[in-house]
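Below is one structure, written out as structure tokens; the observations come after it.
Here the structure is a predicted model, which means the values were calculated and not measured.
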Amino acid sequence: MNFLHRSVIFFTVAVFLFPFLLHADSSDSQLEAANRAYTYGSYDESAQLFRQIIADRGYSASLCFNLANAEARAGHPGLAILNYERARYLAPADKDIDHNLQLARKQAGLEPNTYRWWQVALRSIDWTVWLSIMAAGSLLIFLAMIGTACAPTLATATNISVRALKITFRATIFIGIPVCLFLGFIELSTLGFNNRIEGVIIAPKEATLRISPFESSDSTGTIPEGELVTVEARYNDYLRIEARDHHFGWVQEKELAPITGSFDVKPAN
């Protein structure tokens with residue numbers, strides 16, 4: 001009976017675990033196939049396999065980096081830079097990602113776009129953590145203000161002099177207020193920097209920049225493939241963008257791709 005009970009348990013566990021083990025083996029074989037295709041020079045095939053892996057597993061810095069390498073070797077500068085940017089967004093301090101990104105930009109005839117130290121810091125900050133620290137600091141300042149007002153009572157209860165308590169509470173307030181203001185400034189900077197909707201031009205060679213969101217409107221110039229832009233507004237299938245040289249205009253949505261999410265921007269009036 002004991003043997004039968006163990007057999008039933010083993011069979012049940014095996015049935016539930018088998019699909020997960022099969023999925024893991026399948027995922028590993030996909031990754032091996034993508035790497036093998038890259039090694040043997042089949043860069044388009046490798047890129048296609050990495051795109052499928054990302055569709056199955058989701059985005060990660062390493063997968064975007066590998067996909068970008070395959071796209072670069074396949075001769076697709078726009079898609080290569082797009083995925084290097086995605087990898088950098090997920091791992092802003094990674095030097096290998098930044099090196100390959102700058103190399104791809106140089107080969108595409110674009111200016112360097114290396115993150116400065118403060119940009120790396122802002123990309124790395126989790127705004128919820130900073131918000132929690134600010135809340136804790138504000139609570140500490142509030143308690144210090146109450147403590148200053150109730151110093152005589154606290155001195156009697158704790159056997160600490162009133163003067164020592166007031167010095168401690170006032171120092172907490174004096175230091176805490178500027179620290180909380182500084183953290184608030186960083187919080188706003190982080191939200192502003194990380195909430196920008198950015199995209200990369202993926203149109204072959206270049207995208208046409210227009211003065212209005214209509215195909216019949218005049219062109220104000222072009223933006224080269226692989227350039228990083230900020231998306232500000234939408235009108236039908238056109239997006240109003242700001243290029244790195246501070247030129248503004250409208251491009252067709254199909255000519256660029258978002259670094260994260262989608263082009264969820266407010267419609268133009």
Side-chain angles (χ1 to χ4, degrees), residues 31 34-35 37-39 41 43-44 46-51 53-55 57-130 186-207 223-232 241-247 255-263:
L31 192 58
N35 289 327
Y38 184 91
T39 301
Y43 301 119
D44 283 313
S46 177
Q48 182 178 358
L49 290 171
F50 276 120
R51 283 194 293 270
I53 294 172
I54 290 174
R57 299 187 185 184
Y59 288 97
S60 71
S62 59
L63 288 176
C64 289
F65 181 68
N66 290 337
L67 173 57
N69 289 335
E71 296 284 16
R73 297 300 295 269
H76 309 145
L79 293 174
I81 293 173
L82 170 66
N83 286 286
Y84 282 133
E85 289 285 1
R86 287 173 173 170
R88 183 170 68 164
Y89 181 88
L90 296 169
D94 191 298
K95 294 183 179 180
D96 291 333
I97 293 174
D98 185 68
H99 175 270
N100 283 20
L101 170 60
Q102 304 315 317
L103 181 61
R105 289 184 62 85
K106 182 178 179 180
Q107 292 174 344
L110 304 173
E111 295 181 0
N113 187 26
T114 301
Y115 276 167
R116 297 180 176 86
W117 67 268
W118 59 268
Q119 291 175 306
V120 173
L122 291 180
R123 282 289 191 214
S124 304
I125 289 173
D126 184 346
W127 69 271
T128 58
V129 173
W130 285 94
I186 293 178
E187 182 76 13
L188 292 175
S189 300
T190 301
L191 292 175
F193 183 70
N194 291 340
N195 286 345
R196 293 186 306 175
I197 300 176
E198 295 181 318
V200 172
I201 300 296
I202 58 172
K205 302 300 181 183
E206 59 189 23
I223 302 180
E225 179 183 5
E227 188 59 281
L228 180 68
V229 299
T230 301
V231 179
E232 297 186 336
I241 60 98
E242 178 186 2
R244 295 184 68 240
D245 57 3
H246 302 295
H247 284 172
E255 295 182 314
L256 68 160
I259 294 176
T260 61
S262 62
F263 293 127

field: Distance, nearest 0.5 Å, that separates CD of E232 from CD of E242
entry: 5.5 Å
Interatomic distance, L110 atom CG to L101 atom CG [nearest 0.5 angstrom]: 9.5 Å
S46 to A34 - nearest heavy-atom pair and separation: OG-O, 2.9 Å
message: Just to verify, what does E225 make a salt bridge (charged side-chain N to carboxylate O under 4.0 Å, His left out) with, not counting sequence neighbours?
response: none
- line: Output for pair (Q102 CD, I81 CD1), nearest 0.5 Å, gives 9.0 Å
field: Over 12 non-hydrogen atoms of neighbours within 6.0 angstrom of CD in Q48
entry: no
- prompt: What pairs meet the side chain to side chain donor-acceptor pair (under 3.5 Å) rule with one or both residues in residues 103-112, with sequence neighbours excluded?
  reply: R105-E227
Ionic contact status for E71 with R51, cut-off 4.0 Å: yes
task: Would you name the heavy atoms of I202 and A257 that are closest together and state the gap between them?
output: CD1-CB, 3.9 Å
query: What are the two closest non-hydrogen atoms of Y84 and A72, and how far apart are they?
result: OH-CB, 4.3 Å
query: Under a 4.5 Å cut-off applied to non-hydrogen side-chain atoms, are L228 and E85 in contact?
result: yes
- request: Output the distance between atom CG (N83) and atom CZ (F50), rounded to the nearest 0.5 Å.
  value: 11.0 Å
- prompt: Rounded to the nearest 0.5 Å, what separation is found between the CD1 atom of I201 and the CD1 atom of I223?
  reply: 5.0 Å
message: Measuring from atom CD1 of I197 to atom CD1 of I241, what distance do you get when rounded to the nearest 0.5 angstrom?
response: 13.5 Å
query: Is any side-chain heavy atom of V229 closer than 4.5 Å to a side-chain heavy atom of E198?
result: no
query: R86 and P258: which non-hydrogen atoms are nearest, and at how many Å?
result: NH2-O, 2.8 Å
Over 12 foreign heavy atoms within 6.0 Å of OH, Y43: yes
field: Minimum heavy-atom distance between L90 and S60, given as atom pair plus value
entry: CD1-C, 3.5 Å
query: Which residues pass the salt bridge (charged side-chain N to carboxylate O under 4.0 Å, His left out) test with D98, sequence neighbours left out?
result: R88
message: Do L31 and L63 have side chains that approach each other closer than 4.5 Å (heavy atoms only, starting at C-beta)?
response: yes
Side-chain heavy-atom pair I259, V200 within 4.5 angstrom cut-off: yes
